[in-house]
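All remarks here apply to the structure that follows.
Quick note on labels: first sequence line is chain A, next is B, and so on, each numbered from 1.
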Amino acid sequence: MQIPEELRYADNHEWAKLEDDGSVRVGISDYAQDALGDIVYIDLPEVGATVGEGDAFGEIESTKSVAEIYAPVAGTITEVNDALDAAPEAINHQPYGAGWIVVITPATDVSLDHLMEAEAYAAYTEEG
Amino acid sequence: MPTTSLREVHAAAGARFTDFGGWEMPLQYEGVIAEHMAVRESVGVFDVSHLGRFEVAGPGAVDAVRYLLCNDIAKIEPGKAQYTMALNDSGGVEDDIIVWWIDDERLWVLPNGVNFDEIMARFAEHAGPETTVRPLRDDTVLLAVQGPDAPGVIESVLGTAPGRFRVATGEFAGHPYVAAGTGYTGERGAEIAVPAESAPALWQAVLAGGAVPCGLGARDTLRLEMGFALWGQDLDETTTPLEAGLGWVVNWDHDFVGKDALLAQKASGRPRALVGFKTGGRRIARHGYAMRAGESIGEVASGNFSPILQGAIGLGYLTPPPKADTPLEIEFRDEWQVVERAKPPFIER
């Protein structure tokens, strides 16, 4: 199970990456994609939508089940990975790369300190 | 929880397990879609040991099968298999079943795993003193080898490959096997029952022949592409074969449990009907989602993603049966979407 050191992780298995411009790229973890199984559909938000921390902003669906995706930080959705509409399996193959889901731009400088570091997330996933 | 005697073999192959009708069985190995495509394009092998199976043997065996099941075994002959159903007095489907007629007075009955005890009890109760009803599930493993390349693999392993709905018996690795040209995928192939002792050797031989290990997740998407009903979702005690569009499984020329109720429904018209649909998108219309078509209302019984069509497909009941040209809609969250009505099978085979 891959858990990159440079990312932060939420309880609901989203990862967050603070970009140089202060925006936050969001996806779901390797653990989450593995638990979902083959992903066949993702319901993405519109660019320009605003989300609060912890808000569900999308839905991800596998042959097995449906899961909601929650915003790890508050802000405005400034980018959406439209390639996932036709090829949501990118989330299975590259959850931290081509399978990124949205970019959220917070209204003010944001800290990811409320999210888990890789080591803590590794322990969290082992607890199940 | 009871499980297949091959459990450790599956675990070593990377299987993820789940509860199927009280049995712990492989859900997937590599992934549902990869396994699905292996079965459509080459060959896959499923451990389906959770399925019920018992032997009915002796002078009253054929009569018991004829009376307790709505298709008529007398329409086939020893050495063949038949899809059939056990009904209740209201014509509802207690279970859908495959019967393997092995020889004159010896038949294997294969109900769904979840209904095994109840169906076997019906036979035990009805069978006369000269007829034996013997459970087979705990001592045997049942493997389904399915796909366009399955007959070649089966022939190389068993020395013969039973044709469609044919039954074959013989020896494998020093133990007897019973195989039938049946399955739940729409592909060629067979289901093969062996004693637990020779099961690991059979599994390995089939893999060595090129079969991809497949879990029950892919079995579900494969059966849905064919529009095959799943008991517990598309069929249950309250649905009749006529409502499910499975009137062809009912043979009216013999006496069977539930016949009077079915005749009455045939005369008065069925109150609801199972319809198929393609959503036109990838989003899955899942079990329980509301459906409507004009005045007809109901819900989705089975819905999933078709890897062949790259879109969502499903089956659902509508009360009363809708007119052919009435647009069909499904409620996703709080939004009604028009979907395309489609008559199964959803793919050409």
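In this structure, chain A has no heavy atom under 4.5 Å from any part of B:Ala312. Neither the backbone nor the side chain of A:Asn92 comes within less than 4.5 Å of any heavy atom in chain B.
Residue A:Asp109 qualifies as open at atom CG: its count of foreign heavy atoms under 6.0 Å is 12 or below. The neighbour count for A:Glu117 CD, taken as heavy atoms of other residues, nucleotides or ligands under 6.0 Å away, does not exceed 12. No more than 12 heavy atoms of other residues, nucleotides or ligands lie within 6.0 Å of CD in A:Glu46, so this atom counts as exposed by the packing criterion. With a 6.0 Å radius and a threshold of 12 heavy atoms from other residues, nucleotides or ligands, A:Leu18 has its CG atom above the threshold. A:Glu19 CD: more than 12 foreign heavy atoms inside a 6.0 Å radius. More than 12 heavy atoms of other residues, nucleotides or ligands shown are found within 6.0 angstrom of CD on B:Gln233. By the 6.0 Å contact criterion, CZ on B:Arg137 is enclosed, its count of non-hydrogen atoms from other residues, nucleotides or ligands being greater than 12.
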Check against salt bridge (Lys or Arg N to Asp or Glu O under 4.0 Å), B:Arg286 and A:Glu59: CA-CA 14 Å; B:Arg286 293 184 181 270; A:Glu59 215 175 64; over 6 Å; no
Should A:Asp38 and B:Glu35 be marked as a side chain to side chain contact (heavy atoms under 4.5 Å, CB included) after you check the CA-CA gap, both sets of side-chain angles, and the distance that decides it? CA-CA 11 Å; A:Asp38 285 337; B:Glu35 294 163 24; over 6 Å; no
Just do the side chain to side chain contact (heavy atoms under 4.5 Å, CB included) check on A:Lys64 and B:Leu27 with the steps written out, would you? CA-CA 10 Å; A:Lys64 272 189 269 180; B:Leu27 175 68; 3.5 Å; yes
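When atom types are taken as modelled, the side chain of B:Arg282 and the backbone of A:Tyr41 share no donor-acceptor pair closer than 3.5 angstrom.
Inter-residue side-chain proximity for B:Gln310 and A:Val40 is flagged as unmet; no heavy-atom pair is nearer than 4.5 Å. The shortest side-chain heavy-atom distance between A:Asp34 and B:Arg16 falls under the 4.5 Å cut-off.
For the set B:Ile284, B:Val32, B:Asn304, B:Thr221, the count of heavy-atom pairs under 4.5 angstrom toward chain A peaks at B:Ile284.
Atom CZ of B:Phe305 sits about 12.0 Å away from atom CD1 of A:Ile39, to the nearest 0.5 Å.
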